[in-house]
S.K.: 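Sending over a structure as structure tokens; questions will come in a sec.
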Amino acid sequence: VPAPDSGVEVLTASPEVEFHQRASQFYDRLTGRRFNSLSTYRDESLREYFELQEHFSDYFADLAQALADASFERSQPIVAVVEEFSVDGPGRAHVRVRMVGDNGKPLRFWSTRLIREDRWERRNGRWWIVPGARPSVASRGE
């Protein structure tokens, strides 16, 4: 909290604050879940971040494939850390998130990670994840 005489205003209710809270909650919900599982796919608490069912299905399939390609054991991120929020313009933003998990390759005792960037848009007063072109993805062992 800034000092009262600093002139810095702390925002508590704005589209930006709402975006930060909503995006942080979403990425927290990704940890500890298996993305090669129907129970995760059917979880309504994840679907509420997507305006359309097709958007959720596209996002889920892309994330499941990215976790498999990065050799996440059981397709399960253990940690998801938001590295950057960037606002592109009114109602448009990107989030870069780093996911870490156990390495699923034999005799690999170190972790693996995945860095992805997701696009978010504000429509009808609410922030939504909008899958588009394949998000940027990078992975390597840690």
Side-chain angles (χ1 to χ4, degrees), residues 1-3 6-142:
V1 177
S6 69
V8 175
E9 179 182 357
V10 177
L11 298 176
T12 57
S14 71
E16 294 80 11
V17 171
E18 178 193 335
F19 167 62
H20 183 273
Q21 291 172 340
R22 187 161 165 79
S24 296
Q25 288 170 351
F26 173 74
Y27 295 110
D28 285 345
R29 290 182 180 180
L30 297 182
T31 61
R33 296 174 184 260
R34 293 181 64 173
F35 283 87
N36 58 355
S37 157
L38 279 176
S39 62
T40 302
Y41 179 75
R42 292 179 178 151
D43 187 341
E44 291 298 322
S45 71
L46 295 177
R47 292 172 182 267
E48 71 183 50
Y49 293 90
F50 299 86
E51 190 174 27
L52 303 172
Q53 171 60 40
E54 294 80 15
H55 289 176
F56 174 75
S57 295
D58 289 347
Y59 184 90
F60 190 92
D62 185 68
L63 179 57
Q65 185 64 54
L67 292 169
D69 292 347
S71 301
F72 274 68
E73 185 174 4
R74 298 174 26 202
S75 293
Q76 182 178 25
I78 296 171
V79 176
V81 177
V82 174
E83 293 187 335
E84 181 179 42
F85 292 100
S86 61
V87 177
D88 296 343
R92 290 187 325 232
H94 283 87
V95 176
R96 187 174 65 222
V97 63
R98 178 175 41 91
M99 296 178 195
V100 179
D102 293 330
N103 198 318
K105 290 184 179 178
L107 301 174
R108 305 307 199 285
F109 305 109
W110 53 88
S111 60
T112 188
R113 74 176 182 173
L114 168 74
I115 298 174
R116 64 184 284 127
E117 189 169 305
D118 294 326
R119 184 171 53 134
W120 289 68
E121 291 182 2
R122 184 174 171 86
R123 294 189 193 138
N124 300 319
R126 192 164 186 195
W127 286 98
W128 305 98
I129 298 173
V130 181
R134 183 172 170 93
S136 58
V137 175
S139 63
R140 67 174 174 81
E142 287 193 329

S.K.: Using modelled atom types and a 3.5 Å cut-off, is there a donor and acceptor pairing between side-chain atoms of Thr112 and backbone atoms of Ala70?
M.R.: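 Checking the backbone N and O of Ala70 against the side chain of Thr112, a donor-acceptor pair under 3.5 Å is found.
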S.K.: Val97 vs Ile115, test: side chain to side chain contact (heavy atoms under 4.5 Å, CB included). Steps then yes/no.
M.R.: CA-CA 6 Å; Val97 63; Ile115 298 174; over 6 Å; no
S.K.: I need the minimum non-hydrogen distance between Leu67 and Ser75, along with the two atoms involved.
M.R.: CD1-O, 3.7 Å
S.K.: So do Phe26 and Val95 actually touch side chain to side chain, heavy atoms under 4.5 Å?
M.R.: no
S.K.: Starting from the C-alpha separation in whole Å, work towards a yes-or-no answer on salt bridge (Lys or Arg N to Asp or Glu O under 4.0 Å) for Glu117 and Arg96.
M.R.: CA-CA 4 Å; Glu117 189 169 305; Arg96 187 174 65 222; 5.3 Å; no
S.K.: Would you compute the distance between atom CZ of Phe60 and atom CD of Gln65 and round it to the nearest 0.5 angstrom?
M.R.: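 Between Phe60 CZ and Gln65 CD, I get 12.0 Å after rounding to 0.5 Å.
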S.K.: State, without any angle test, whether Gln76 and Arg33 hold a side-chain donor-acceptor pair at a distance under 3.5 Å.
M.R.: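 The answer is no; no qualifying pair exists.
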S.K.: Please find the pair of heavy atoms, one from Ala23 and one from Phe85, that lie closest to each other, and give the distance.
M.R.: CB-CE2, 3.6 Å
S.K.: Relative to the ring of Tyr59, is the ring of Phe50 parallel (under 30°), tilted (30 to 60°) or perpendicular (over 60°)?
M.R.: tilted
S.K.: Using side-chain heavy atoms (C-beta onward) and a distance below 4.5 Å, is Phe72 in contact with Met99?
M.R.: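 Yes, close enough: below the 4.5 Å cut-off.
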S.K.: Would you please say whether a donor-acceptor pair under 3.5 Å links the side chains of Asp118 and His94?
M.R.: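 Side chains of Asp118 and His94: no pair found under 3.5 Å.
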S.K.: Is the closest side-chain heavy-atom distance between Glu18 and Arg122 below 4.5 Å?
M.R.: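 Answer yes - side chains close enough.
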S.K.: Nearest 0.5 Å, please: how far is OH in Tyr49 from CH2 in Trp128?
M.R.: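 So the gap between those two atoms works out to 11.0 Å.
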S.K.: Under a 3.5 Å distance rule, please check whether Arg47 uses its side chain to pair with a backbone N or O of Tyr41 as donor and acceptor.
M.R.: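 Present.
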S.K.: Kindly compute the distance separating CG (Asp69) from CG (Asp62), expressed to the nearest 0.5 Å.
M.R.: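 Interatomic distance, Asp69 CG to Asp62 CG, rounded to 0.5 Å: 9.5 Å.
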S.K.: Distance check, rounded to the nearest 0.5 Å: Thr40 atom OG1 versus Arg29 atom CZ?
M.R.: 13.5 Å
S.K.: Taking atom CG of Asn103 and atom CD of Glu73, what is their separation to the nearest 0.5 Å?
M.R.: 8.5 Å
